[in-house]
Amino acid sequence: MKSYNPKEIEKRWQRRWEKEKTFSVKEDAKKKKFYALIEFPYPSGAGLHVGHPRPFTAMDVISRKKRMEGYNVLYPIGFDAFGLPTENYAIKTGRPPAKVTKENIATFTRQLKSLGYSFDWSRSVDTTDPEYYRWTQWIFLQLYKHGLAYKKNQPINWCPKDKIGLANEEVVQGCCERCGTPVEQRNKEQWMLAITKYADKLLEGLKEVDYIAPARIQQENWIGRSEGAEVQFVIQSEAKDLPISRSLTVFTTRPDTIFGATFVAVSAELAQSWLKVGWQASEKVKKNVEATLKERVATADRDEQEKTGVDTGIKAVNPANGEEIPVWVTNYVMGGVGTGAIMAVPAHDERDYEFAKKFGLPIKIVICAAKHVSGLKFDKNGTAHGSIDELNASYSDVYTPEEMLKIIEENGAEELEDGLVCNSAFLNGLKALEAKEKMIQWLEEKGVGKRKVNFKLRDWVFSRQRYWGEPLPLVFCEACAKNKKFESKGEEMNPGWIPDEKLPLKLPKVAKYEPTDTGESPLAAMEKWVNTRCPRCGGKARRETDTMPNWAGSSWYFLRYCDPKNKKEFASMKKLKYWLGSPKPDAKPGEGGVDWYNGGMEHTVLHLLYSRFWNQFLFDIGAVPTHEPYKKRTSHGMILGPDGEKMSKSRGNVINPDEMVEKFGTDAFRMYIMFMGPFDQAVMWDTNGLVGVRRFLDKVWNLQEKISENATFSNIDENHLQTTVKKVSDDIDQMKFNTAIAQLMTLTNHFSKKNIKRVHFETLLLLLSPFAPHFCEELWENLGHNSPISKETWPQYDLNKIKNQSMTIVVQVNGKVREEMGLVPEASEEDVKQAALASEKVQKWLEGKEPKKIIYVKGKLVSIVV
RNA sequence: GCGGACGUGGCGGAACUGGUAUACGCGUACGUCUCAGAAGCGUAUGGAGCAAUCCUUGAGGGUUCGAGUCCCUCCGUCCGCACCA
């Protein structure tokens, strides 16, 4: 017998799969479809990282199993190739990004093919291919035509190192997500996508889909819906010079606490906007505003930041009780949130409390609830700690501490929701949530406020001033703008667009890729390209020179996979319906999507949200068949270096996949990646573990010699086999690959102690084949099969075949295991109990006492209580 | 601060709806093969003890015949958001 030589057999099978197009799929109405998706890689110059194979192998295992179960499986691959690293490389070396990208894709392709993935390579896409980005541009134009893309002059996050504008989502703690440089604010004209118009739909859609909880929760938090009210506070006459001469609008989620508002706090941004339009504020106020705005940009960690502020001297009237309260400018109210102004309720908001304490502003309790009376803490015995006397010093009609305690105890009012409103006129005695509703109604009736839903989500900054991205297919024509030939949607001149049949608008070849400090894209210097004819009137016009962010191409790639060669549409509806539509006969319209999408947690906010937005929009205009793009979303953990740290060149703990494949073989590498640890958790690389998996494969290889038709096959053997079929099947479905492999090892260990029948060895190979495909193909062929194992049927288990000759019953005395007995499986409860009591060991522990109680768990154990 | 995940041998990690904790792998020790080493193969391997037996799932308490699993308090690690009103 030849020994196991991975190098030889892996090349052979890879060539054969390619030649026979084993994994190419076509739509086939007779077969159930299954669409498995992984996040397509960015083809960096460094080549494949060991992080890549983890999700790729996992979905490959699932895809291979699904194929064997009779599904028509689409498992596609492509490249998300626009982006900064390639552009920066081009700047450094002067080589054209398109060329560099081609080379990188070739490297990635070779590496991915060497790992034996069952991708349908004939459907491969490349986001930088004009035939692909033609449709990215087309979708953008659809958004524009539907009023969801607009140009806006606004402060943007500017990374001075990368010389690029960043979306809010790309700024982490005030720094550029990519390079870590502190971000500056700059005013720039930017293309925006109105994702906020889809905020509610994006939130609603999460109910339809099966995402792992952290992914769903992160999306919910990011969208950040909060229900409350906008309330008008009338400004007193001393502030005539204020632009908001009549009233100031605040947003609050707790209108029920309005009687406890003791001051109004406004953001420095709002104050600045007043100053710009002629507010005559004192020098002190002006200085404070300036200082706060400066600090905003510089401070990354706001945790430790001291609250500061200044009294503007303006008075506002609380509409609920007519009380006059001061307006302060503070650093803890943010410009972009709500209306940029709040009513401060120090008794029930920690931040307001901290501020009120510091500046000696009054604190008024209006809700009796243990956890929400600032400065007061109640322990389990109901004893109050803190200083309520200090709090209510300026308000005589608040309950005494004793009365409050009583209310809290009687109503079990721990949380704010359970609290009772006090000191609030017509709201007194109501539960906080009821009071909230009543107050909103009251505000609306009086015309001093209205119900309002607020979102954290901001519109998406969609333009980048860089070269290596999709050009925005827009043209500015002054003549047309003057003649108002285009419907007005933005603030400035409205550009016309390039007609569909003229797409794609190709990226021109430029000599220099450097971005400019003025913030213009390198395309702006291409006079020949920039100056063009207006597609409407044929007159002189200029092209838009901004490009799209790298999120654009990845927002719809899963759609293109369904019909990658289509020249007339981004994909035909018929094909989209086949691959994305729900196969369930009772499915509601719009239900379905990619059956299973696995990707990194780092993409659960941005990429996932953006592509859901595009898909929902495309659904609304009738271009795709489903509401939601992805039916099911899972995530993998990171692979850490052998030192337990994130792999990085500077740490020198990077593992090269090519090297591992060269040394141990692709199948061992794939199996080790799956065996390392729980799929959703971070795991440390340990090459010794890979050695162990390789040993396992050798062991399976050697089983060939033990095949004998005279081999015995006992019930115990049958048990092992059936349990393994069940466990491996179930575990793969639940992505518990590590335990599936452990079970295959157990079965192999069992088999290697005896002679085995060929059919049982074959079952083992079938179960192993998704993990180690080349290895199993080879052994399958050695057994004399002509057709490949990948075309075989997945084994079925039959629990009825598990026949126990005996069952093992554990006997516990007072909760401790004292005896283990083998009994016939037919034994009745009485038989088992009798046998247990009769046992010598049990008798010894009973010490002659009568058992109080005997519990029997069928087929498992007897528990005797003395 | 809020939200989420988690804490089990020397190490990575198993354990279904509460029912024999430590599966599987690594490492280690001994044996076998070998001129020798490596790789194989075999046996052992949570801790203490000669043994009977006792102890053991971050710490402490509770519920239960029975807790890694459920409840409470605390400690620690990782991730996400962050003065979001």
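A note on names: the letters A, B, ... follow the listed sequences, proteins ahead of strands, and every chain is numbered from 1. Bear in mind the structure is a predicted one, so any value in this text is a computation, not a measurement.
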Sugar-phosphate only, base, or nothing, as touched by [X] at under 4.0 Å among non-hydrogen atoms:
X	value
A:Met676	sugar-phosphate
A:Val250	nothing
A:Phe696	nothing

Send over the distance from [X] [atom1] to [N] [atom2], rounded to a whole Å.
X	N	atom1	atom2	result
A:Lys816	B:A52	NZ	P	16 Å
A:Lys736	B:A23	NZ	C1'	13 Å
A:Glu819	B:U53	CD	P	11 Å
A:Asn814	B:G66	CG	C1'	10 Å
A:Asp698	B:G25	CG	C1'	15 Å
A:Gln219	B:G80	CD	P	16 Å
A:Ile342	B:A85	CD1	C1'	5 Å
A:Gln681	B:G7	CD	C1'	11 Å

Under 4.0 Å between a side-chain N/O of A:Arg818 and OP1 or OP2 of B:C54, yes or no?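 For A:Arg818, the contact criterion (side-chain N or O under 4.0 Å from OP1 or OP2 of B:C54) is met.
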
Could you check whether the side chain of A:Lys307 and the base of B:C83 have a donor-acceptor pair of N or O atoms closer than 3.5 Å, going by distance alone?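 Yes, a donor-acceptor pair under 3.5 Å.
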
Test for a donor-acceptor pair under 3.5 Å between the base of B:G19 and the side chain of A:Gln812, counting only N and O atoms.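 Yes, the side chain and the base share a sub-3.5 Å donor-acceptor pair.
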
Per the ring pair (Phe, Tyr, Trp, His ring centres under 6.0 Å) rule, which among A:Phe355, A:Tyr353, A:Phe233 passes with A:Phe263?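 Filter result, single survivor: A:Phe355.
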
Which of parallel (below 30°), tilted (30 to 60°) and perpendicular (above 60°) describes [X] and [Y]?
X	Y	result
A:Tyr4	A:Phe775	perpendicular
A:Trp460	A:Tyr610	parallel
A:Phe771	A:Phe737	perpendicular

Can you list the stems that include RNA chain B, where a stem is three or more consecutive Watson-Crick or G-U pairs with distances under 3.5 Å?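 Listed by first number, the stems are B:1-7 with B:75-81, B:10-12 with B:24-26, B:27-32 with B:40-45, B:46-48 with B:53-55, B:58-62 with B:70-74.
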
Check nucleotides 26-32 of chain B against the protein and report each pair of N or O atoms closer than 3.5 Å, with its distance, or say if there are none.
{"unit_1": "B:C26", "atom_1": "OP1", "unit_2": "A:Arg695", "atom_2": "NH1", "d": "2.6"}

Per-pair distances, 0.1 Å, donor-acceptor, side chain in residues 331-340 of chain A, under 3.5 Å, sequence neighbours excluded:
{"unit_1": "A:Asn331", "atom_1": "OD1", "unit_2": "A:Thr308", "atom_2": "N", "d": "2.9"}
{"unit_1": "A:Asn331", "atom_1": "ND2", "unit_2": "A:Glu306", "atom_2": "O", "d": "3.0"}
{"unit_1": "A:Asn331", "atom_1": "ND2", "unit_2": "A:Thr308", "atom_2": "OG1", "d": "3.4"}
{"unit_1": "A:Tyr332", "atom_1": "OH", "unit_2": "A:Asp352", "atom_2": "OD1", "d": "2.6"}
{"unit_1": "A:Thr339", "atom_1": "OG1", "unit_2": "A:Thr249", "atom_2": "O", "d": "2.8"}
{"unit_1": "A:Thr339", "atom_1": "OG1", "unit_2": "A:Ala341", "atom_2": "N", "d": "3.4"}
{"unit_1": "A:Thr339", "atom_1": "OG1", "unit_2": "A:Ala341", "atom_2": "O", "d": "3.3"}

